[in-house]
Amino acid sequence: MQIESKSGKSDIAGTVTAVVFILLASLALWDTTTMTDSDSYVFPRAIAAAMIVFCVLLIAYNLVRGAADSRDADAGTSGPVSTPRRVGLVAAMLFSSLAMPWTGFLLSGVFAFGAIMLFAMYDPWTPRRRIVFPLAALAVVLGFYTLFSKVLLVPLPVGFWFR
Amino acid sequence: MTGLDYLWQALTPFNLLLALAGVVAGTVIGSLPGLTATMAVAVLVPITFSMEPASALILMGAIYTGAIYGGAYSAILLNTPGTPSAIATTFDGYPMAKRGDGDLAITLACVSSVVGGLVGAAFLLGLAPPLAEVALAFGPVEYFWLAVFGLTLISALSDGNLLKGLIGACFGLLLACIGVAEISADIRFTFGSQVLLGGIETVSALIGLYCIPVMIDLVATPDRHLKVTTESKGFRLREALAVSWKSKFNLIRSSVIGTLVGILPGAGGSIAGLVAYSEARRSSKRSDSFGTGEPEGIQATESANNATVGGGFIPTLVLGIPGTPPDAVILGALLIQGVRTGPSLFTENGAIVYTFIYGLILATILMLPAGLIIGRYAYKSIITIPKALLVPTVAFMTMIGTYAIRNSISDVVIMIVLGVIGWFLNRFGFSPSPIVLGLILGRIAEQGFVQAWTIGAATEDLTGMFFGRPISLVIIAFTLVSLFYPLIRKRWSMKGGAVSAD
């Protein structure tokens, strides 16, 4: 069985994740007790049990053999890595999705596009970019909105505010 | 009428125009994450109602084949399979794009798709009736073993740690169980949530697990998305053709695998691509470089998934059983037109069927120039567009594409959450590919397993059910070879080394 054993920082994250997965599999096993038909629980029960076994094996390997994770997740990047921008991207996407029933797809899309554009912007805001980028953003959002709602006839949410 | 007459019928300017338009429309739709080949065909099917049946079939076949190929663009350039059948294209396509060979990867995908499409169409033309019998020979237990065979790819996708790969696959298999159970209709793992009742939509999960982590990392640094070379290399067609010629056996084998998997109802392009990838990796001299930007990986997947187009039409036309989901839509459109599919279709309606098959071959050939031009444009756009526009455009595309699958905002939220989970897991050494593999193969594996178990229990021959059928035994043998071949080869090479040292 292939296990990394290169020198480097120890694989604490892998061990902790394995513990989380054991809890998850245990939760799945517990949920299968509420199922009435054996057709429903045979497969997930087998998978959850296998998952626990693999997680225990991984933890044992990490503890006994001192397996290490030598991967640097941010390797290959030239400059500093910005965690706030990462959080901002996810927050903007989540917020606009959750707000969609009220604001509708178009407004949510414009907000998400604008916010993510700000988070992804590393170049200076020249006067040209101040005009071109927002216009391009509107064109992309409106273009896709029209394609999906008018051409492909996908019923995109209008939003409670606009009904 | 002879075969040549049907060819001339397919070569009318109107049919040629339909084939070209279908390929272009399909390629563009297929390249958008979230829009699958099924949706591409379904959306454009009303246009065909007023056409002659053969022309309608040519248009739908062209859209289908274009959409399957189009899925490779976002797989290579954004690490997001445009259609599920392009999952395995991400494994080597994106690493190639990252090192500055995205243009070559796209051209390779185009050439491989054309080869795969032609092989599939050739099987449809020459061997449709006997091959349709194969589809009938596949029972639940064969589907189960086919899914298990697909799962053996985990060892290839585990990024150096098989245990983590196995855990990831189990996680994916459990995710596939969420919602209403397919056989018994029990509600599983929803914990009272209405949102989870519909289960995890596979394409949304694919988009989340592959695309969101890439965007999270893109936004964190000012680095360019893909490495850009200063000099323009054009289409790199000559290079791609040379690479394709070198691995012609891989192309042909993958195309045949794609055709055969396409014949099996419900299996589809994603399984075909994964099985062909697994087989290409097993038999390659450079199996260690698979997953790091190996052209053979792209060739295997793209030829196999496009071969499912022709393969899928075999049971659709001969038996009236759709081989793949888009075939089901096309079958419906044919029924509306009054064309009755079945064994007699090839003799009674030969003009329609053979004109369509020649039309499909023409559409596949037209995919080469159309695909190269669209691919070049897509590649240029991705490398030249500023990051401040690229990231929000991709983010918006993922949101609207995910929403469009089931018209569900919950799917969009689940996609984002899965993406964040995937990003964390990837940092901790758990690659997203085994999770995706588990998600896709989970439903097929479970359905096949439970049905086979029920039949085996009813006939009091469980062992015979799982291990006594000839096709099952062949798949089990392939599975074992796939699992242990790297180990055996290592032994052989060590022995060879020892002998040469002596």
Side-chain angles (χ1 to χ4, degrees), chain A residues 1-4 11 13-14 17-18 21 28 31 35-37 39-40 42-44 47-48 50-51 54-55 57-58 61 69 71 73 77-79 81-83 85-86 89-90 93-94 97-98 100-101 109 112-113 116-117 119-123 133 136-137 140-141 144 148 152 154-157, chain B residues 35 39 43 155 158 160-164 166-167 170-171 173-174 177 181 183-184 186 188-189 191 212 215-223 386-393 395-397 399-400 403-404 407 409 412-413 416-417 419-420 425-430 442 445-446 449-450 453-454:
Chain A
M1 197 162 281
Q2 230 175 330
I3 293 285
E4 284 183 25
D11 189 16
T17 312
F21 273 132
D31 193 62
M35 296 168 196
T36 50
D37 199 324
D39 287 353
S40 306
V42 168
F43 191 76
I47 300 300
M51 193 171 175
F54 294 140
C55 286
L57 279 175
L58 180 66
Y61 262 109
D69 186 4
R71 295 152 40 106
T77 54
S78 57
V81 176
S82 169
T83 303
R85 287 180 194 254
R86 282 176 165 155
L89 170 98
V90 175
M93 287 184 79
L94 269 179
S97 305
L98 293 169
M100 226 176 264
F113 201 109
I116 296 168
M117 189 164 72
F119 293 127
M121 189 65 177
Y122 282 91
D123 301 319
F133 279 27
V140 170
V141 174
F144 273 107
F148 276 76
L152 304 177
V154 175
L156 294 173
Chain B
L35 291 186
M39 286 172 80
V43 161
S155 60
S158 300
N161 193 325
L162 183 57
L163 269 179
K164 285 183 176 176
L166 290 169
I167 294 168
C170 288
F171 181 53
L173 287 165
L174 283 180
C177 291
I183 307 283
S184 57
D186 251 323
R188 304 186 297 195
F189 307 145
F191 304 101
I212 299 290
M215 283 196 294
I216 291 175
D217 285 334
L218 261 182
V219 85
T221 67
D223 295 347
K387 190 181 247 188
L389 287 176
L390 177 70
V391 179
T393 302
F396 185 71
M397 274 165 60
M399 287 170 69
I400 200 165
Y403 177 85
N407 303 330
I409 295 173
V412 183
V413 176
I416 299 166
V417 172
V420 175
L425 288 178
N426 203 14
R427 289 179 81 82
F428 301 156
F430 295 85
E446 181 181 10
F449 178 78
V450 172
W453 183 276
T454 310

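It should be emphasised that the depicted structure is a prediction, and the values quoted were computed from it without experimental measurement. Naming: A, B, ... by sequence-line order, numbering from 1 per chain.
No side-chain heavy atom of B:M399 sits under 4.5 Å from any side-chain heavy atom of A:F144.
Shown here are the ring pair (Phe, Tyr, Trp, His ring centres under 6.0 Å) partners of A:F21, two or more places apart in sequence or in another chain: B:F171, B:F430. By the side chain to side chain donor-acceptor pair (under 3.5 Å) test, A:D37 pairs with no residue at all, sequence neighbours left out.
In terms of non-hydrogen atom pairs under 4.5 Å with chain B, the most contact-rich of A:T83, A:V42, A:V154 is A:V154. Taking chain B as the reference chain and counting heavy-atom pairs below 4.5 Å, the highest number among A:V90, A:D123, A:V141, A:L98 is found for A:V141.
The two residues A:D39 and B:E446 come nearest to each other via the heavy atoms O-OE2, 3.9 Å. In terms of heavy-atom proximity, A:P157 sits nearest to B:I409 at CG-CD1, 4.1 Å.
For B:A181, the part lying under 4.5 angstrom from a heavy atom of chain A is the side chain only. In this structure, chain A has a heavy atom under 4.5 Å from the side chain of B:M397, while its backbone stays farther away. Both the backbone and the side chain of A:F113 come within less than 4.5 Å of a heavy atom of chain B. Heavy atoms of B:Y403 lying under 4.5 Å from chain A belong exclusively to its side chain. Looking at B:V391, both its backbone and its side chain come within 4.5 Å of chain A, counting heavy atoms on both sides. If you measure heavy-atom distances from A:F54 to chain B, the contacts under 4.5 Å come from both the backbone and the side chain. Contacts between B:I416 and chain A at a heavy-atom distance below 4.5 Å involve the side chain alone, from C-beta outward. Residue contact with chain A, scored on non-hydrogen atoms closer than 4.5 Å, involves the backbone and the side chain of B:D186 alike. Residue contact with chain B, scored on non-hydrogen atoms closer than 4.5 Å, involves the backbone and the side chain of A:L94 alike.
For the pair A:R86 and A:F119, the cation-pi test (distance below 6.0 Å, angle within 45°) is failed.
The backbone N or O of A:M121 lies less than 3.5 Å from a partner atom in the side chain of A:R85, making a donor-acceptor pair.
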